[in-house]
Amino acid sequence: MSARKTALLKKHRRNKRIVLALVILILASFIDFGIYNIGPWWISPVLAVLFWLAHEAWFADHLFYSPRDSYHYDFPPDTVALPVTLSEGRLTFAIDQLPASAETLVLQVKLKSTWLGWLLDPQVRVSGTPEQDRQDFERRASGTRYINLSGEADSLRHGEVRLKGKYCRLDDVATLYAFSHPDFSKQKLMVIAPHADDAELAAFGLYSESREPVIVTLTQGEIEAGYYRRLGLDSAAAARLKGRLRTWNSYAVPLWGDVPIDNCIQLGYYCLQLSSMCSHPSDVYGSRESQEADIRGARHLNKCTLPGDADGLPTWQNLIADLVALLEQHQPDVIVMPHPELDPHDDHIHATRAVDQAIAQSCWKPDVQLLYANHLADNDRWPMGPANNGVALPPAIEPLPAYAPWSPKLSLSSRVDKAMALTMQHDLRIPLPFKKRLRRTIQRFLAGRVWPGIGEDEFFRKAVRRHELFWVRAVLKSKDEA
C-alpha cells in the first residue's frame, strides 16, 4: 500500500474512533445512572439505530482517497485534445478537428457536488445520443473527473450531445480527448484470465466479437470454498469441488461467446500462489486449501500439450514455459490482461508479470497489450452507478503510465449475452450474506442506489455496462524485431 493510502487509512481509522467515542458519550448521556441524564432512556437505543443506519447508508464505502481529490491522467503526447465549452449542457468545440477515426472519446471536466451530492451519488446525465446514459461519481465529489463518451462521435459532430449534472454542478470549461485505434476485435486475441470469470468480466463483449479468440485461465480459483461445505464436505473437499466447478466454467462459459473449446486453455495453477511462485521460480506451491499439488488434474479438457504436463508441478518455471508455448502456438496479435498498476489483486499483478516474462522469452511477440482492471485499490464501487450505463474512467490519484484508453461500446444484445455469461459462473451465483443484503436494502431506500435483478453479486452491476474499458500498451521489441 502506498504512503498516501497508508496515511489516509490511518486518518480514516482515527476519525472513526473519534466519532465512535462521541457516539458512545451521546448515547450514555441518555442513560440514568442516578447522577445526570438529559432525556428519557428510550432515546439512547433509537439514536443507536439511527447512527447505524447512517453508517450503512452513507459511510460504508471504501475509498482510499478523498472524494475532493482530482483525478490525474496523462495520455500519449500525440493525443488529440480539444478545448470544450459547456453552455446549458451543450458541448461546443472545433468539430472539424475531431478525427474521423476517433471512436474512444473522454471528456475531462471539473464537477462539484451540491448538498444533495453528500447523500446521493452525483451523476452526469448524457442525452442526445441513441441511448441515454448516466455516469456516477463519489458522494461529496469535487474536482477533475473523466466522462466516457466513446461511441458517440456522430452525435458529438452533429451537436446533439447534452450533459447535465444531477446532485453536482459542471464547470463550463472542459477538454475532449480523442483516441484513434484499430478495431482490436478483428485481430487475433489472447485473453489472460487469472481466474475463471475474469475474461467475461473484462472482455466478454470484445472476445465474443473476435474472429479467433483464445482464452487462457491461469488458476483453478479453488480457495474460499466455505459455501460448498453445506454439502457435508470438509474444507479440502469443498475447495476441490470449487476448483472443479470454476475449471469447468473456464471451458464452458466462453462457448456462449462462440469461442470453441479448442481455444479455451486451463493451466490449473493454484489461487493466490502466483506471488510465491514468482519469488521462488523452481519451488512447488500447491493449493492452500484443497491439499492438491498436481496441475494436470485441471487440464484434462485442454486440446494441446504444454510443458507443465510433463511433471504437473505448480512452479513459476512451468507457468512461464506454458505461456511461451501458447504464444508460439497461437501467435496472437493482441494480449488482453490485467493492468498491473490499477488492478491490485495479487494474482492479477503476477499474471501480467508472467505474461511479460513469457513474451520476453518467446519467439512470438504480439503487437499490443490491452490492459483491464476488474478490481480497484482506490474504490471498490467502480464503475459506480447502476448497470447498463457508461464506464467513466476510474480514480487516478497517483501517477499512472501514459497509456491511451480504448473503450468499445457494447450493444444491448451484447450486454444481455454478457449478463447471461456471468450467470453461468458458479462463483458469482453464491447468495449474499445477510449483512450485505441488509446494507444493500438500506442504501436502496436512503441513498437511492439500485442493483440489477439478474444476480446479487456486485459484478452484475459493475461489469454489465455500455462500455468495456482497456488501456493500450505497445509490446516492447528488440531492435532486431522492430
Side-chain angles (χ1 to χ4, degrees), residues 183-222 228 240-269 271 295-306 309 322-323 325-327 329-338 351 355 370 372 374 387 408 410-430 452 454-455 457 459-460 462-465 468 470:
D183 186 351
F184 294 112
S185 69
K186 305 306 180 186
Q187 302 182 23
K188 292 179 66 175
L189 291 177
M190 177 177 285
V191 182
I192 302 297
H195 315 95
D197 75 21
D198 280 318
E200 285 67 43
L201 293 171
F204 178 85
L206 171 60
Y207 80 61
S208 63
E209 294 293 327
S210 178
R211 64 181 175 87
E212 210 171 337
V214 176
I215 298 178
V216 181
T217 307
L218 304 192
T219 72
Q220 299 179 35
E222 79 286 356
Y228 298 102
R240 289 193 291 272
L241 175 59
K242 184 178 180 181
R244 287 174 54 205
L245 288 170
R246 299 195 76 189
T247 293
W248 185 86
N249 288 152
S250 70
Y251 289 112
V253 177
L255 295 172
W256 183 249
D258 295 326
V259 182
I261 197 167
D262 288 11
N263 287 7
C264 299
I265 298 100
Q266 167 63 254
L267 299 186
Y269 294 92
C271 198
I295 56 179
R296 290 174 292 193
R299 298 185 173 202
H300 62 285
L301 291 179
N302 287 350
K303 303 301 182 182
C304 59
T305 301
L306 296 171
D309 297 339
D322 289 338
L323 291 173
L326 289 169
L327 286 169
Q329 176 182 344
H330 293 280
Q331 300 186 350
D333 302 310
V334 179
I335 298 280
V336 184
M337 62 190 200
V355 172
L370 297 181
Y372 64 81
N374 285 343
L410 274 60
S411 66
L412 176 59
S413 61
S414 183
R415 300 198 300 268
V416 169
D417 282 347
K418 184 170 186 174
M420 294 302 101
L422 298 186
T423 66
M424 301 176 197
Q425 299 283 353
H426 286 81
D427 206 45
L428 301 182
R429 298 300 298 177
I430 295 175
I454 194 66
D457 192 278
F459 278 120
F460 285 96
K462 295 197 294 186
V464 183
R465 293 286 177 149
E468 289 178 336
F470 307 93

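What you see below is based on every heavy atom in this structure, not just the backbone, and it leaves out hydrogens, waters and symmetry mates.
Counting only heavy atoms from C-beta outward, the side chains of L189 and I215 never approach each other to under 4.5 Å. In this structure, C304 and D262 have side chains that are not in contact, with every pair of non-hydrogen atoms separated by 4.5 Å or more. Counting heavy atoms from C-beta outward, P213 and V191 have side chains that stay 4.5 Å or more apart. Side-chain contact between I430 and Y228 is present, with at least one heavy-atom pair separated by less than 4.5 Å. D258 is not listed as a side-chain neighbour of S208, based on a closest heavy-atom distance of 4.5 Å or more. Between Q425 and E200, some side-chain heavy-atom pair lies under the 4.5 Å cut-off. Taking the side chain as every heavy atom from C-beta outward, S185 and R211 never approach each other to under 4.5 Å.
Of all heavy-atom pairs between I265 and V214, the closest is CD1-CG1, 3.5 Å. Across all their heavy atoms, I454 and R429 have their closest contact at O-NH1, 3.0 Å. When every heavy atom of C271 is checked against every heavy atom of T219, the shortest pair comes out as N-CB, 4.2 Å. Minimum heavy-atom separation, L428 to F460: O-CE1, 3.4 Å. Shortest non-hydrogen contact noted between H426 and L245 is NE2-CD2, 3.7 Å. Pairing each heavy atom of I295 with each of G268, the nearest pair is CG2-O, 3.2 Å.
Between the side chain of R246 and the backbone N or O of Q220, no donor-acceptor pair lies under 3.5 Å. A side-chain donor-acceptor contact under 3.5 Å links T423 to the backbone of M420. One N or O on the side chain of S210 and one on the backbone of Q187 form a donor-acceptor pair closer than 3.5 Å. With S414 contributing its side chain and S411 its backbone, the two residues share no donor-acceptor pair below 3.5 Å.
The line from CE of M190 to CD of E212 is 10.5 Å long, rounded to the nearest 0.5 Å. Rounding to the nearest 0.5 angstrom, the gap separating the CG atom in L306 from the CG atom in D322 is 5.0 Å. Here the straight-line distance linking atom NZ of K188 with atom CG of N263 works out to 9.5 Å at 0.5 Å rounding. For the atom pair F459 CZ and L422 CG, the distance stands at 9.5 Å (nearest 0.5 Å). Interatomic distance, K186 NZ to E209 CD, rounded to the nearest 0.5 Å: 6.0 Å. Here the CG-CE distance, from D197 to M424, works out to 13.5 Å after rounding to the nearest 0.5 Å.
Residues S250 and Q266 have side chains that bring a donor and an acceptor to within less than 3.5 angstrom of each other. A donor-acceptor contact closer than 3.5 angstrom is absent between the side chains of E468 and Y372. Judged by distance alone, the side chains of N302 and Y251 do bring a donor and an acceptor atom under 3.5 Å apart.
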ask   = Taking it one step at a time, do R299 and T247 satisfy side-chain contact (heavy atoms from CB on, under 4.5 Å)?
value = CA-CA 9 Å; R299 298 185 173 202; T247 293; over 6 Å; no
inquiry  = Go through it in stages, so that I can follow the logic: the residues are K462 and D457, the test is salt bridge (Lys or Arg N to Asp or Glu O under 4.0 Å), and I'd like the CA-CA distance, side-chain angles, deciding distance and then a yes or no.
reply    = CA-CA 9 Å; K462 295 197 294 186; D457 192 278; over 6 Å; no
task = Applying side-chain contact (heavy atoms from CB on, under 4.5 Å), run through D198 and T217 and close with a yes or a no.
result = CA-CA 9 Å; D198 280 318; T217 307; over 6 Å; no
request  = Please test R465 against L410 for side-chain contact (heavy atoms from CB on, under 4.5 Å), starting from the C-alpha separation and ending with a verdict.
outcome  = CA-CA 8 Å; R465 293 286 177 149; L410 274 60; over 6 Å; no
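A salt bridge does not link R296 with D309: none of the charged nitrogens is closer than 4.0 Å to a carboxylate oxygen.
A203 is linked by a side-chain contact (heavy atoms from CB on, under 4.5 Å) to L206, V336, F470, counting only residues two or more places apart in sequence or in another chain.
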